[in-house]
Amino acid sequence: MVASGPQAVVATYSALPATISLMNAPLRRSFYDRPPDIVARELLGKLLLRETSLGLCGGLIVETEAYLASGDPACHAAKGPTKRNAAMFGEPGHAYVYSIHAKWCFNTVTERAGVGSAVLIRAIEPLINLELMLARRPLSTTRDLARGPARLCAALDITRDLDGVDLTTAEHLWIAKSPGFKLSSAGIGISTRIGVTSAHDLSLRFYLRGNTFLSGTKKLNR
DNA sequence: CTACCGATTGACT
DNA sequence: GTCAATCGGTAGA
C-alpha cells in the first residue's frame, strides 16, 4: 500500500536526460479557476496521479482540449445542467467524468461554479507504475497505454465513481507540477479538437509537439 | 418503456 | 486509410 499525500516519486521522462524526482503536491484550486483554454495549455507537462488500493500510478499530460462555457456547441455544458454534466457546473478543480461509446473520459472543471467549462485530458505519457497500468490494459503496448482519453481512464482506473471528485487533495486523483519540465511556447502545438461533431473550427486542442504518446493523426500533431 | 446518439477504440484493408 | 461494436445518457412516447 502506498501512502497518500505529498511524497517524491521517481520516473524517467523521454524528453529529459535522466531519472527525475517528482513532487506530487496537488495544484491548487486557483490554477483551475481560469478560462479552460489557459488551463488546457498550462496542464501540458504536468503530472496526472492516481491513487488506489493497488498503489500510485500516473504520467505526464501531453495532450488536452478546452471546452468553453459559451460559443462552443461541442461543450457538454452548452445545453445547460443535466444529471450527467452536473460536475461541470460545480467548483473548479473537481473531476468531470463522462461516458461515451461505452467508455469513460476525464476532465478538470475550470472557472467558477455555475459557469460550465472544462479541460479534457486526452493523453498522458505513462511514467509511474507502468506494471499496474499495463495490468489494467493487458492487450496494450506501452505506447498505446494512455494515448487517448478513454485509454488513459482505463489505465488509471478512472470511472464514474470519480465524477465530481476534488482534484486538490492527494487522495484519489490529482495533478501536480513536474519539476524540471519547462513549458515553452515553441514546444506547444495547437489544433482543432478531435472527434467533435460541432465547432470544428475552434483550435482548442493543445499538445506537446513531437511527443510519442499523442492521440490523433500525424497530420494533426505537426 | 424504446430509440437514438456520441469529446472512442480496435480491428481490418 | 476505413468501419463497426459498444453502452450510458438523454429525450420522448
Side-chain angles (χ1 to χ4, degrees), chain A residues 32 35-41 43-44 48 59 61-90 92 94-111 115-126 133-165 167 173 175 189-208 212-222:
Chain A
Y32 299 100
D37 49 328
I38 305 291
V39 175
R41 188 183 179 284
L43 279 175
L44 296 176
L48 177 60
I61 297 173
V62 300
E63 180 184 345
T64 60
E65 282 177 358
Y67 287 87
L68 311 180
S70 61
D72 183 6
C75 180
H76 287 174
K79 292 175 184 170
T82 63
K83 191 175 179 183
R84 175 205 211 187
N85 67 17
M88 271 185 104
F89 289 94
H94 287 249
Y96 165 47
V97 179
Y98 70 90
S99 82
I100 180 109
H101 292 282
K103 298 172 173 67
W104 300 106
C105 295
F106 162 63
N107 299 246
T108 70
V109 175
T110 53
E111 300 183 288
V115 172
S117 64
V119 174
L120 172 68
I121 311 300
R122 282 199 62 90
I124 64 170
E125 172 172 342
M133 293 189 282
L134 282 164
R136 292 178 177 136
R137 283 176 44 78
L139 301 180
S140 174
T141 60
T142 297
R143 178 165 183 262
D144 287 341
L145 183 53
R147 232 171 50 84
R151 291 170 173 171
L152 159 178
C153 284
L156 300 183
D157 191 24
I158 296 172
T159 67
R160 169 164 47 191
D161 295 353
L162 293 183
D163 187 36
V165 83
L167 302 174
L173 182 65
I175 298 171
I190 303 177
S191 79
T192 53
R193 293 172 295 185
I194 293 178
V196 294
T197 54
S198 57
H200 302 283
D201 52 320
L202 300 178
S203 290
L204 291 172
R205 174 173 172 262
F206 302 84
Y207 57 94
L208 292 182
T212 314
F213 298 87
L214 297 173
S215 74
T217 64
K218 271 186 186 168
K219 189 178 177 183
L220 271 173
N221 290 335
R222 275 197 294 236

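Below, read A as the first sequence line, B as the second, and so on, with proteins coming before strands; counting in each chain starts at 1. For clarity, every value in this text was computed on a predicted model and none was experimentally measured.
Between His76(A) and the options Tyr98(A), Tyr96(A), Tyr67(A), a side-chain hydrogen bond (donor to acceptor under 3.5 Å, both in side chains) holds for only Tyr96(A).
At least one donor-acceptor pair under 3.5 Å links the side chain of Arg136(A) to the backbone N or O of Ala155(A). Formation of a donor-acceptor pair under 3.5 Å by the Arg84(A) side chain with backbone atoms of Ser99(A) is found in this model. Using modelled atom types, one side-chain atom of Ser140(A) and one backbone atom of Leu145(A) make a donor-acceptor pair closer than 3.5 Å.
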- Message: Apply side-chain contact (heavy atoms from CB on, under 4.5 Å) to residues Leu202(A) and Arg193(A) and explain how you reach the verdict.
- Response: CA-CA 7 Å; Leu202(A) 300 178; Arg193(A) 293 172 295 185; 3.7 Å; yes
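Comparing dT6(C), dT9(B), dG8(C) by their closest approach to the side chain of Trp104(A) singles out dG8(C). Considering only side-chain atoms of Pro149(A), the nucleotide from dT9(B), dC7(C), dA7(B) that sits closest is dT9(B). With distances taken from any side-chain atom of Lys83(A) to the nucleotides dC7(C), dT10(C), dT8(B), the minimum falls on dT10(C).
Residue Ser99(A) has no polar side-chain atom (N or O) positioned under 4.0 Å from OP1 or OP2 of dG9(C). The side chain of Arg122(A) places an N or O atom within less than 4.0 Å of a non-bridging phosphate oxygen (OP1 or OP2) of dT8(B). Put simply, Arg137(A) has a side-chain N or O that comes within less than 4.0 Å of OP1 or OP2 on dG10(B). Contact check, Arg160(A) against dG9(C): a side-chain N or O comes under 4.0 Å of OP1 or OP2. Taking 4.0 angstrom as the limit, Arg151(A) places a side-chain polar atom (N or O) nearer than this to OP1 or OP2 of dG10(B). For Thr197(A) and dA7(B), the shortest distance from a side-chain N or O to OP1 or OP2 is below 4.0 Å.
Taking atom CG on Asp37(A) and atom P on dA7(B), their separation rounds to 20 Å, with Å as the unit. If you measure from atom CD1 of Ile100(A) to atom C1' of dT9(B), you get 12 Å, rounded to the nearest angstrom. What separates NZ of Lys79(A) from P of dG12(C) is a distance of 10 Å, to the nearest Å. Between Asp163(A) atom CG and dG8(C) atom P there is a gap of 15 Å when expressed in whole angstrom units. What separates CZ of Arg84(A) from C1' of dC5(B) is a distance of 10 Å, to the nearest Å. Computed from coordinates, the Leu120(A) CG to dT8(B) C1' distance equals 11 Å when rounded to whole Å. Separating the CG atom of Asn107(A) from the P atom of dA7(B) is a distance of 12 Å, rounded to the nearest angstrom. Counting to the nearest Å, the C1' atom of dT10(C) and the NE2 atom of His76(A) are 12 Å from each other.
In this entry dT10(C) has dA3(B) as its Watson-Crick or G-U wobble partner, both defining distances falling under 3.5 Å.
In this structure, His101(A) counts as stacked on the base of dG6(B) under the 5.5 Å centre distance and 30° plane angle limits. In this structure, Tyr67(A) forms an aromatic stack with the base of dA7(B), since both conditions hold: centre separation below 5.5 Å and plane angle below 30°.
Among the protein residues, Ala74(A) comes within range of the nucleic acid bases, having at least one heavy atom under 4.0 Å from a base atom. Among the protein residues, Thr82(A) comes within range of the sugar-phosphate backbone only, with heavy atoms under 4.0 Å from sugar or phosphate atoms but none that close to a base.
Arg160(A) has no carboxylate O lying under 4.0 Å from a charged side-chain N of Asp163(A), or vice versa, which leaves the two without a salt bridge.
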